[in-house]
Amino acid sequence: MSEDDQTTTACDDIHHLEQQRRENREKIAALGLDPYGLRYDGALSLAGAAARYDEAADVAHQAGVAARKQAQKDHPGAAEPDLPVVTDGRPRVRVAGRVVLHRDNGKLVWINLRDETCESFQIAVSKRECDEAGFGVAKVTDLGDIIAAEGPLMRTKAGEITVWAESVRPMSKCLVPPPEKRAGLSDVETRYRQRYVDLWATPESMRVFRLRSELMSAARRHLEAAGFMEVETPMLQAQAGGAAARPFITHMNALDIELYLRIAPELYLKRLLVGGMRRVFEVNRNFRNEGLDKQHNPEFTMIELYEAYGDMESVMGVTENLVRELARVAATAQGAEGLTLPFGELEIDYARPFERVAYGELFERALGFPMSDTSRVRARAEELGLRVRDEKGVELDDVFVVNEVFEAVAEGSLDHARPTFITHYPSKLSPLTRPNRDDPAVADRADLFIGGMEIAPHYTELNDPDVQASKFREQLAGIDDEESTFRNFDEDFVRALKVGMPPAGGMGLGVDRVVMLLCNQRTIRDVVLFPLMRPEA
RNA sequence: GCCUCCCUAGCUCAAUCGGUAGAGCAGCUGACUCUUAAUCAGCGGGUUGAAGGUUCGAGUCCUUCGGGGGGUACCA
């Protein structure tokens, strides 16, 4: 088969709408311009351009034009020097963006551009005032093309701030027909798979990701101001520790070893405390080989932090301040009054001090009997159809049954509009957590819940190497299911603790979920730019 | 993993009991120098996610497969 044949065959497969756009691309080239554009210096954001509009200059210019027209009418055939001079003090700007509307009136073409700052910004391209090539470009521009324009800022009769183009330049051709101009892109699969289309075609989507970016930089600023240092620790780990989750496995060729994508940065961050870093945080991507739903993406972002010489309580304060600061940033960005932000049906109040309630207290309040009343707990669990025995049919320990009931009933009974720390978890539920000094049955752990979602667990960290070693051992001994395959005894971590880790508080904030809350998005996929999807067939 | 719903033109959606697949937007041709989802006149556009099956006849009913949504499970 010759090359020509291949080209022909390929073209036959091209959809007629794409073919049409390819022809329009040729028409741009025929004007002597590169459809894929050149560097374009000095282009303002569309919002920035609109802000430059000068009412007085525009009015003065219009008056000048009117006076000149009047003079031409009054003195037909008057020589040029005798006519009033029109002074044009209107600011001239350069703009660029994606074409979202195109109205061709013959010798005057109206085009609306969009960029990340502005949904729609109008330019007018007139055959009389625009350069010839620019007018030609405007005539063959398709929806979705990226173009740039330069000209004075004026306001139309209908009152819309507009660039009256003196030149138009092609920046890039869009060969793919864009979504419907009004209804937009509603197919969620396409929105996630082709985020590049979603971002320009769905202003709400752009808004969310711009806000997410602002929140991340605000979080860094806030933590740095609070004396925390940002660090980066390994994502490829020989042992996946710091959480109980199934890891992703990969292989390193050079060393011929199995490596795991990290499930948590915890054990490395604690090593840094041993080394002498006092307050550290990592904005960390974690990978957990588990199911996906509205609150879980297999890779997700956490802000994990540790404070030497602190404890669970001190870190709860750090978290509360951080979350409140992020709420403030989100409120400002969204023009909200105060610190109450909507999340679905809820109005979540971030201003008031976060609620605190003990696990047992919440249990009793929600169920009407104490969790120590194990017969009633078991009865209720059976009633609710909850898991009371393991896969082999062996009855679960009381505390796990209590927790089943707790998660089914008590967590849901929280006031979701009020950020709440649940404290005093039973030790047995958090086997790796340090038991409370005054009451060893209680773990030094506090979980922040907002909007019905678990947002951030807090711990007073274990720093006794012998206790840590025995907890590793317990974890390995007790279980022989699939999960335990990935649990391991981290010898080096115990060695680090033997060197001596100061007492510390630690916390891991689920960033994606916080962004969901603050951007009022109900699914994690709407706050992750490229959520994991099954590969296209 | 299990349950359930969805997949129709480039996009957003219709199609009654199983009876000739339609509309708006976008596109094409023409008109138009202050439009606003511009307007006006005309035109084209489909392997109904895929493959089987039932039927005289399938977008519609059945089976399998693919992709997606929701729920559920796993998830310190």
Side-chain angles (χ1 to χ4, degrees), chain A residues 14-21 23-24 62 99-112 120-130 135 138 142-144 154-162 164 174-194 197 201-202 241-247 263-264 266 286 288-298 300 385-387 391 399-400 403 407-408 425-433 443 445 447 454 457 459 471 475 479 481-483 487 508 510 522-523 525 531 533-537:
Chain A
I14 292 174
H15 191 275
H16 70 277
L17 291 174
E18 178 175 339
Q19 195 53 51
Q20 203 62 53
R21 285 165 176 265
E23 284 165 22
N24 285 337
Q62 276 176 43
V99 174
V100 291
L101 290 174
H102 185 257
R103 300 180 294 282
D104 187 341
N105 280 25
K107 297 192 182 66
L108 178 63
V109 182
W110 301 92
I111 292 172
N112 288 64
S120 184
F121 180 89
Q122 184 167 266
I123 64 176
V125 188
S126 130
K127 186 171 169 103
R128 196 181 301 135
E129 279 96 352
C130 190
F135 182 72
D142 288 309
L143 295 182
M154 49 85 70
R155 199 190 278 280
T156 62
K157 284 176 185 167
E160 186 157 346
I161 292 173
T162 301
W164 199 267
C174 178
L175 293 175
V176 180
E180 209 268 343
K181 66 185 177 188
R182 202 174 191 201
L185 191 56
S186 68
D187 182 69
V188 291
E189 183 178 354
T190 311
R191 290 188 50 229
Y192 299 150
R193 287 192 193 277
Q194 299 182 36
V197 174
T202 315
R246 267 181 287 244
I263 55 176
E266 172 165 344
N286 294 310
R288 297 189 180 174
N289 207 339
E290 287 152 9
L292 26 165
D293 61 33
K294 289 172 92 166
Q295 289 173 30
H296 298 263
N297 195 54
F300 64 100
L386 298 172
R387 206 165 62 102
E391 294 77 11
V399 71
F400 295 114
N403 199 46
E407 286 182 0
Y425 278 80
S427 271
K428 283 184 180 167
L429 284 178
S430 302
L432 288 182
T433 304
R445 168 185 169 194
D447 243 355
E454 185 186 5
Y459 300 96
K471 286 193 178 285
Q475 282 279 294
I479 321 156
D481 62 3
E482 188 198 351
E483 254 177 67
R487 294 209 177 134
R522 302 307 304 235
T523 84
R525 299 185 141 201
M533 301 289 281
R534 199 181 288 269
E536 285 181 89

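Within every chain, numbering begins at 1; the chains are lettered A, B, ... in the order of the sequence lines, protein sequences first and strands thereafter.
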Between CH2 of Trp164(A) and P of rU35(B) the distance, given in whole Å, is 10 Å
Kindly label the base of rC32(B) as syn or anti, based on whether its glycosidic torsion lies within 90° of 0.
anti
Using atom P in both nucleotides, what's the gap between rG59(B) and rG67(B) to the nearest angstrom?
25 Å
Atom CG of Asn112(A) and atom P of rC34(B): how far apart are they, to the nearest Å?
16 Å
If I pick the P atom on rC13(B) and the same atom on rG70(B), what distance separates them, to the nearest angstrom?
16 Å
Expressed as a whole number of angstroms, how long is the span from Asp104(A):CG to rU39(B):P?
13 Å
Inter-nucleotide C1' distance (rU47(B), rA51(B)), Å rounded:
12 Å
Minimum-distance nucleotide to Asp293(A) side chain [options: rG27(B), rA73(B), rG70(B)]:
rA73(B)
Watson-Crick/G-U partner (both atom distances under 3.5 Å) of rG22(B)
rC13(B)
Asp187(A) meets the salt bridge (Lys or Arg N to Asp or Glu O under 4.0 Å) criterion, sequence neighbours left out, with none
Rounded distance (Å) that lies between atom C1' of rC32(B) and atom CH2 of Trp110(A)
13 Å
For rU29(B), give the paired nucleotide (Watson-Crick: N1-N3 plus N6-O4 or O6-N4; G-U: N1-O2 and O6-N3; both under 3.5 Å), or none.
rA41(B)
Mind running side chain to side chain contact (heavy atoms under 4.5 Å, CB included) on Leu386(A) and Glu407(A) for me, showing each step along the way?
CA-CA 10 Å; Leu386(A) 298 172; Glu407(A) 286 182 0; over 6 Å; no
Picking from rG70(B), rA76(B), rC25(B), which would you name as closest to the side chain of Thr523(A)?
rG70(B)
Expressed as a whole number of angstroms, how long is the span from Glu18(A):CD to rC11(B):P?
13 Å
Under 6.0 Å from the NZ atom of Lys471(A), do we count more than 12 heavy atoms belonging to anything else shown?
yes
Partner nucleotide of rU8(B) by Watson-Crick or wobble geometry (both distances under 3.5 Å)
none
To the nearest Å, how far apart are Arg191(A) CZ and rG69(B) C1'?
13 Å
Calculate the interatomic distance between Leu101(A) atom CG and rC25(B) atom P; express it in whole Å.
14 Å
What interatomic distance, in whole Å, is found between P of rU55(B) and the corresponding atom of rG46(B)?
31 Å
Using the P atom as the reference point in each nucleotide, state the distance between rU54(B) and rC62(B) in Å, no decimals.
15 Å
Base of rA37(B), side chain of Arg182(A) - is there a donor-acceptor contact under 3.5 Å?
yes
Please state the P separation for the pair rG49(B) and rC7(B) - nearest whole angstrom.
7 Å
Distance between C1' atoms of rG57(B) and rG66(B) (Å, rounded)
28 Å
rG67(B) C1' sits how many Å from Met533(A) CE, rounded?
8 Å
Indicate whether any N or O donor in one side chain lies under 3.5 Å from an N or O acceptor in the other, for Thr433(A) and Arg445(A).
no
Looking at rU35(B), does its base get a donor-acceptor pair with the side chain of Gln122(A) below 3.5 Å?
yes
rU48(B) pairs with which nucleotide, Watson-Crick or G-U wobble, both distances below 3.5 Å?
none
Under-3.5 Å donor-acceptor pair between Thr156(A) side chain and rU36(B) base:
yes
From the candidates rG68(B), rC11(B), rC34(B), the one with an atom nearest any side-chain atom of Arg193(A) is rG68(B)
Which base, if any, makes a Watson-Crick or G-U wobble pair with rC61(B), both distances under 3.5 Å?
rG53(B)
